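In what follows, a structure is listed as structure tokens, so that the remarks can point back to it.
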Amino acid sequence: MSEFKYQEPFPMSEDTTEYRLLTKDYVSVEECCGRKILKVAPEGLNLLAREAFRDVSFYLRASHLQMLANILEDPEASDNDKFVAYTMLLNQAVAADGELPTCQDTGTAIVIGKKGENVYTGANDAEWLSKGVYETYRDCNLRYSQVVPFTMTEEKNSATNLPAQIDLYAAQGSKYEFLFLTKGGGSANKTFLYQQTKALLNDESLTNFIKDKIKDLGTSACPPYHLAVVIGGTSAEANLATVKKASAHYYDYLPTSGNEGGRAFRDLEWEEKIRKICQESGVGAQFGGKYLVHDVRVIRLPRHAASCPVGIGVSCSADRNIRAKITEEGIFLEQLEKNPARFLPAQAPGLAPAVEIDLDKGMDAVRAELTKYPIKTRLNIKGTLIVARDIAHAQIKKMLDEGKPMPDYFKNHPIYYAGPAKTPNGMASGSFGPTTAGRMDPYVDLFQDHGGSMIMVAKGNRSKAVTDACKKHGGFYLGSIGGPAAVLAKNSIKSVEVVDFPELGMEAVRKIYVENFPAFIIVDDKGNDFFAEFAH
């Protein structure tokens with residue numbers, strides 16, 4: 001009979017994260033029942049959450065920025081890879097001023113905490129952490145994205161970005177450790193669970209499986225990605241929780257081999273295999289090339305003999321993760337990069353000039369110009385766009401279903417799928433990057449049949465139904481770079497006004513005027529789709 005032996009599920013080596021001291025206040029040590037108790041005033045939790053979500057909204061890790069800089073130095077990177085990487089570095093230089101967040105989707109606030117048994121707060125920790133979330137989203141130029149339901153079909157924006165997701169765990173010791181994340185809808189939607197079996201666990205089957213599932217990632221979550229693949233798990237939810245943390249590099253310090261106790265481990269061989277699969281896919285950093293991913297984390301977990309869950313997920317180009325800890329020395333927060341401009345090259349990468357497109361020449365004239373160029377053509381856009389996303393599209397469909405006419409603005413101008421963050425004082429716009437195009441796919445054929453949505457601007461790949469509709473009606477889908485919301489707001493968006501459905505908040509229909517707005521022809525009026533070649 002086997003002897004009992006407890007195995008720590010995720011045994012990690014020493015944390016080498018660089019931290020900065022926030023404060024020594026709110027922390028004290030007292031003797032109680034023969035042990036030292038770390039007392040943390042709940043106001044300290046409030047402060048920590050507030051500062052963590054502020055930092056992670058405007059700053060990124062230096063290691064992430066270095067990976068972008070490496071793309072610019074790689075002779076194998078495509079021009080489009082380099083254009084995306086350079087634009088993202090520019091974007092971060094703008095965001096670091098602390099006014100325009102890295103991404104307009106400032107995300108769901110997520111707190112993962114491990115509270116040592118000797119830590120005492122005397123309060124509802126989740127409440128005080130939530131208060132910090134509330135204050136950051138109230139005081140900074142962030143977007144309220146949380147929608148709360150009243151019935152199964154009736155809901156509204158909470159106007160606070162609450163509720164947050166707060167997961168607190170018990171641990172040994174006298175330390176309170178945290179991982180704070182803001183997860184946008186685009187990257188959250190690229191989390192997949194596949195229920196597999198033992199038959200997957202051989203080199204050939206697993207390789208073919210990964211090659212197939214990488215196609216599901218697409219580009220709508222703003223690559224280059226930090227990709228996580230987790231194989232095994234005592235349950236589906238355990239697998240996906242590991243995916244989320246691994247994509248944030250939380251499990252970088254795991255061992256690299258398994259043992260009889262079933263400890264989690266990183267498989268470095270498969271990390272390299274999957275990285276090469278992603279490079280060879282040709283999808284690249286959104287518009288073709290080598291850099292679909294920056295890196296890959298593969299974690300192997302124990303499993304039930306009848307079950308083999310496989311989870312795949314990403315952290316996007318807005319890699320917004322930050323560690324923190326509370327010890328008897330004080331409250332500490334991971335040091336993010338405050339000077340991202342140092343990663344920019346002395347000169348922008350040399351690229352072929354973009355095609356200039358003036359949207360205000362009229363819909364027919366613009367389409368006549370676009371039809372001259374092949375897919376993947378890089379454009380530089382100026383002119384008027386109408387901004388509309390999920391709820392606005394649903395409202396306009398309802399109007400059509402009721403026999404009402406489509407608004408003229410939907411016919412006269414290209415439609416930009418986006419939802420802005422709050423506008424800083426003195427600026428025309430808050431962070432205002434594109435949202436995922438695929439969510440609007442069901443509306444395209446109907447709207448184009450009524451003369452609307454003839455030119456669409458957004459991010460990511462789309463369904464064949466959109467390609468078919470554009471061929472049928474003479475429409476186009478232009479892909480904008482997913483990720484650089486701050487630099488678009490500062491340099492490209494010159495004016496913003498609400499033109500319909502003001503009650504929808506960030507989902508209202510807006511009219512914006514843009515200059516030097518980058519885009520690529522992704523779907524044309526001849527039935528060509530840039531992403532089609534990667535779907536096979």
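As the structure is a computational prediction, the values presented were derived from the model and not from experiment.
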Quiz item: Does D105 use its side chain to pair, donor to acceptor, with the backbone of A421 at less than 3.5 Å?
Solution: no
Self-check item: Backbone of A95 reached by a side-chain donor or acceptor of T102 within 3.5 Å
Solution: no
Practice problem: Please work out whether the ring planes of H393 and Y417 are parallel, tilted or perpendicular, with thresholds of 30° and 60°. | Solution: perpendicular
Quiz item: Would one find more than 12 heavy atoms of other residues, nucleotides or ligands at under 6.0 Å from atom NZ of K156?
Solution: no
Quiz item: T136 side chain to R50 main-chain N or O, any donor-acceptor pair under 3.5 Å?
Solution: yes
Quiz prompt | V355 backbone acceptor or donor facing N380 side chain under 3.5 Å | solution = no
Exercise. Examine K376 relative to F530 and say whether NZ or CZ is less than 6.0 Å from the centre of the six-membered ring and inside a 45° cone about the ring axis.
Key: no
Quiz item: What do you reckon, is CZ of F476 surrounded by more than 12 foreign heavy atoms closer than 6.0 Å?
Solution: yes
Self-check item: Donor-acceptor side-chain pairing of R143 and T106 below 3.5 angstrom
Solution: no
Quiz item: F83 ring centre to R378 NZ or CZ under 6.0 Å, with the angle to the axis within 45°?
Solution: yes
Quiz item: Any chance the side chains of D295 and H249 put a donor and an acceptor closer than 3.5 Å?
Solution: yes
Quiz item: Would S78 and N80 count as having a side-chain donor-acceptor pair, cut-off 3.5 Å?
Solution: no
Quiz item: Which of parallel (below 30°), tilted (30 to 60°) and perpendicular (above 60°) describes H64 and H294?
Solution: perpendicular
Self-check item: Check: S453 and I415 side chains under 4.5 Å, non-hydrogen atoms
Solution: yes
Quiz item: Taking the side chain from N239 and the backbone from G311, do they hold a donor-acceptor pair closer than 3.5 Å?
Solution: yes
Exercise. Decide side-chain hydrogen bond (donor to acceptor under 3.5 Å, both in side chains) for D360 and Y513; before the verdict, give the C-alpha distance in whole Å, the side-chain angles of both, and the deciding distance to 0.1 Å.
Key: CA-CA 10 Å; D360 289 341; Y513 185 84; 4.6 Å; no
Practice problem: Give a yes or no on whether the backbone of G218 and the side-chain of K190 come within a donor-acceptor separation of less than 3.5 Å. | Solution: no
Quiz item: Just by distance, do the side chain of N516 and the backbone of I381 share a donor-acceptor pair under 3.5 Å?
Solution: no
Quiz item: Between atom CZ of F53 and atom CD1 of I322, what is the distance when rounded to the nearest 0.5 Å?
Solution: 9.5 Å
Quiz prompt | Cation-pi geometry met for K245 and Y169 (6.0 Å, 45°) | solution = yes
Quiz item: Can you tell if the side chain of L100 reaches within under 4.5 Å of the side chain of M427, non-hydrogen atoms only?
Solution: yes
Quiz prompt | Cation-pi check, K325 onto Y19 ring (under 6.0 Å, within 45° of axis) | solution = yes
Practice problem: Say whether, by atom type as modelled, one donor and one acceptor occur between the side chain of S130 and the main chain of A126 under 3.5 angstrom. | Solution: yes
Quiz item: Hey, are Y477 and D529 close enough side-chain-wise for a donor-acceptor pair under 3.5 Å?
Solution: no
Quiz item: Given side chains that start at C-beta, do those of K213 and D216 come closer than 4.5 Å, heavy atoms only?
Solution: yes
Quiz item: What's the verdict on ring-ring contact (aromatic ring centres under 6.0 Å, His included) for Y416 and F517, showing C-alpha distance, side-chain angles and the deciding distance?
Solution: CA-CA 12 Å; Y416 179 40; F517 190 100; 5.4 Å; yes
Quiz item: For the atom pair OH (Y59) and CD (E337), what is the distance rounded to the nearest 0.5 Å?
Solution: 10.5 Å
Self-check item: Main-chain N/O of G186 paired to T436 side chain as donor or acceptor, under 3.5 Å
Solution: no
Quiz item: For K273, does the NZ atom sit with more than 12 other heavy atoms under 6.0 Å from it, leaving out its own atoms?
Solution: yes
Quiz item: Does N189 reach the main-chain N or O of G185 with its side chain, forming a donor-acceptor pair under 3.5 Å?
Solution: yes
Exercise. Establish, from distance only, whether the side-chain atoms of K244 and Y250 form a donor-acceptor pair under 3.5 Å.
Key: no
Practice problem: First locate atom CG of L504, then atom CG of N157, and finally report the distance between them rounded to the nearest 0.5 Å. | Solution: 10.0 Å
Quiz item: What is the distance from atom OG1 of T219 to atom CG of N461, rounded to the nearest 0.5 Å?
Solution: 5.0 Å
Quiz item: So, do E334 and L336 sit near enough that their side-chain heavy atoms are less than 4.5 Å apart?
Solution: yes
Exercise. Tell me, please, whether Y251 has R266 positioned over its six-membered ring: NZ or CZ under 6.0 Å from the ring centre and within 45 degrees of its axis?
Key: no
Quiz prompt | Residues K131, E135; criterion salt bridge (charged side-chain N to carboxylate O under 4.0 Å, His left out); working and verdict | solution = CA-CA 6 Å; K131 189 168 185 283; E135 290 172 354; 2.8 Å; yes
